There are 2 protein chains.
Amino acid sequence: MKISKRSQYGLRGLFRLAQAEGHTPMREVAKKEGISEDYLEKIFTRLEKKDFITSKRGPSGGYALAMKPEEINLRLILEVLENNFSLVECVDEGCSRLDDCPVASVWKRLDDEVKEKLELITLKTILENNKD
Amino acid sequence: MKISKRSQYGLRGLFRLAQAEGHTPMREVAKKEGISEDYLEKIFTRLEKKDFITSKRGPSGGYALAMKPEEINLRLILEVLENNFSLVECVDEGCSRLDDCPVASVWKRLDDEVKEKLELITLKTILENNKD
DNA sequence: ATAAAAACCGAGTCATCTACTCGGTATTAT
DNA sequence: ATAATACCGAGTAGATGACTCGGTTTTTAT
């Protein structure tokens, strides 16, 4: 029942990109956030493949958001970075005993509620919280 | 970001105990729910140590709820059965960069909201949902 | 009193996942 | 041409989850 460091790092990385203008080198983000460069690179690669960010090679290159901060919410981020998104498998994989399982509906409802909450948190709202 | 099978089995086991009167042998619960006996035993032992259930040895023994169904909510169950309860460590362990971490408050709020939701789901509400 | 039914206990295993690391290649601004 | 950057595949160490196994203790029913 833990959100992985991968997702946590990913969110922090995206936040840094959201704060900056133009492209920011990954190394710079890693340094600011105290995250291993090699690892953050994997994370950014993944986010890039899903078109959350764009990349530019060579000097003065780096990464930049490909979407508006208000369009990137936590649910989307976790869908990319968590390998198994959703609280229990039976929600999306379909268990054989679903019909007579007394608690399946509990998990399903909970899963929905959590995902709703996640959608309310966007990079924009986080930026605004940190505007002081 | 998964709820473990341990917790899922635990909830289903507790549900069966809640339905029955007196003591129910663990084997019977395991059979009904299609859960490994050896494994369910570990789970019940854990729940018993935390006084959610009581045990009785010998023939016509078994396990029974030690609390009222409305007093046992999902948050309490997960606190016993998940080894790491809470969505991110920084919430309870305290990270060294907490002060300048832009997203700590996000996780904290989310964690609180999820836990609130979990408290609303009790064995009683699950029993009522399955009353047809 | 004995046999059977149950809970109790500690240890061990196997697979999967996370959180990395490492060594190298490709691209591009200066 | 050089240096800065992204890109890529493989590998690894540790933790955890989901069990299994072999036994011990307690208690009820006969």
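The figures that follow rest on heavy atoms only: side chains count, while hydrogens, waters and symmetry mates do not. Just so we're clear, the structure is a prediction, and the values are computed from it rather than from any experiment. Quick note on labels: first sequence line is chain A, next is B, and so on, each numbered from 1.
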Residue whose closest nucleotide on DNA chain D lies nearer the 5' end, B:Glu82 versus B:Gly61: B:Glu82
Rounded distance in Å - [atom1] ([X]) to [atom2] ([N]):
| X | N | atom1 | atom2 | value |
| --- | --- | --- | --- | --- |
| B:Ile43 | D:dG17 | CD1 | P | 12 Å |
| B:Ile53 | C:dA7 | CD1 | C1' | 11 Å |
| A:Leu81 | C:dT18 | CG | C1' | 13 Å |
| B:Met26 | C:dC8 | CE | P | 9 Å |
| B:Gln8 | D:dG17 | CD | P | 13 Å |
| A:Lys5 | C:dT18 | NZ | P | 13 Å |
| A:Lys42 | D:dC7 | NZ | P | 11 Å |
| A:Lys49 | D:dC7 | NZ | C1' | 8 Å |

Taking only side-chain nitrogens and oxygens of [X], does any of them come within less than 4.0 Å of OP1 or OP2 of [N]?
| X | N | answer |
| --- | --- | --- |
| A:Arg6 | C:dT18 | yes |
| B:Tyr9 | D:dC19 | yes |
| B:Ser36 | D:dT20 | yes |

Polar pair under 3.5 Å, donor/acceptor by atom type, side chain B:Lys2, base D:dG17: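 When only heavy-atom distances are counted, B:Lys2 does not reach the base of D:dG17 through any donor-acceptor pair under 3.5 Å.
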Base D:dC8 paired with A:Glu41 side chain (donor-acceptor, <3.5 Å): yes
So does [Y] get a backbone contact from the side chain of [X], meaning a donor-acceptor N/O pair under 3.5 Å?
| X | Y | answer |
| --- | --- | --- |
| B:Thr45 | B:Glu41 | yes |
| B:Gln8 | B:Ile3 | yes |
| B:Arg12 | B:Glu33 | yes |

No-hydrogen, no-angle side-chain donor-acceptor test under 3.5 Å, B:Glu82 and B:Ser4: yes
Per A:Tyr39 side chain, nearest of listed nucleotides D:dA18, C:dA19, D:dC7: C:dA19
Proximal nucleotide (of C:dC8, D:dT20, C:dC22) relative to the B:Glu48 side chain: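 Looking only at side-chain atoms, B:Glu48 lies closest to C:dC8.
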Touch class at under 4.0 angstrom, heavy-atom based, for A:Tyr63 against every strand present: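 Sugar-phosphate: the residue A:Tyr63, judged by heavy atoms under 4.0 Å, touches backbone atoms but no base.
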Sugar-phosphate only, base, or nothing, as touched by B:Ser55 at under 4.0 Å among non-hydrogen atoms: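 Sugar-phosphate contact only.
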Of B:Arg109, B:Lys115, B:Lys108, the residue whose pairing with B:Asp111 passes salt bridge (charged side-chain N to carboxylate O under 4.0 Å, His left out): B:Lys115
Could you list the protein-to-nucleotides 28-30 of chain C atom pairs, N/O on both sides, closer than 3.5 Å?
none

Minimum heavy-atom distance between B:Ser86 and A:Lys2, given as atom pair plus value: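 Minimum heavy-atom separation between B:Ser86 and A:Lys2: O-NZ, 2.5 Å.
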Contact summary for A:Gly13 and A:Val29, nearest pair of heavy atoms: CA-CG1, 3.8 Å
Below 3.5 Å, can you tabulate the donor-acceptor pairs from side chains in residues 60-76 of chain A to any protein atom, sequence neighbours excluded?
unit_1	atom_1	unit_2	atom_2	d
A:Glu71	OE1	A:Lys68	N	3.1
A:Asn73	OD1	A:Arg75	N	3.0
A:Asn73	OD1	A:Leu76	N	2.9
A:Arg75	NE	A:Glu79	OE2	3.0
A:Arg75	NH1	A:Glu119	OE2	2.7

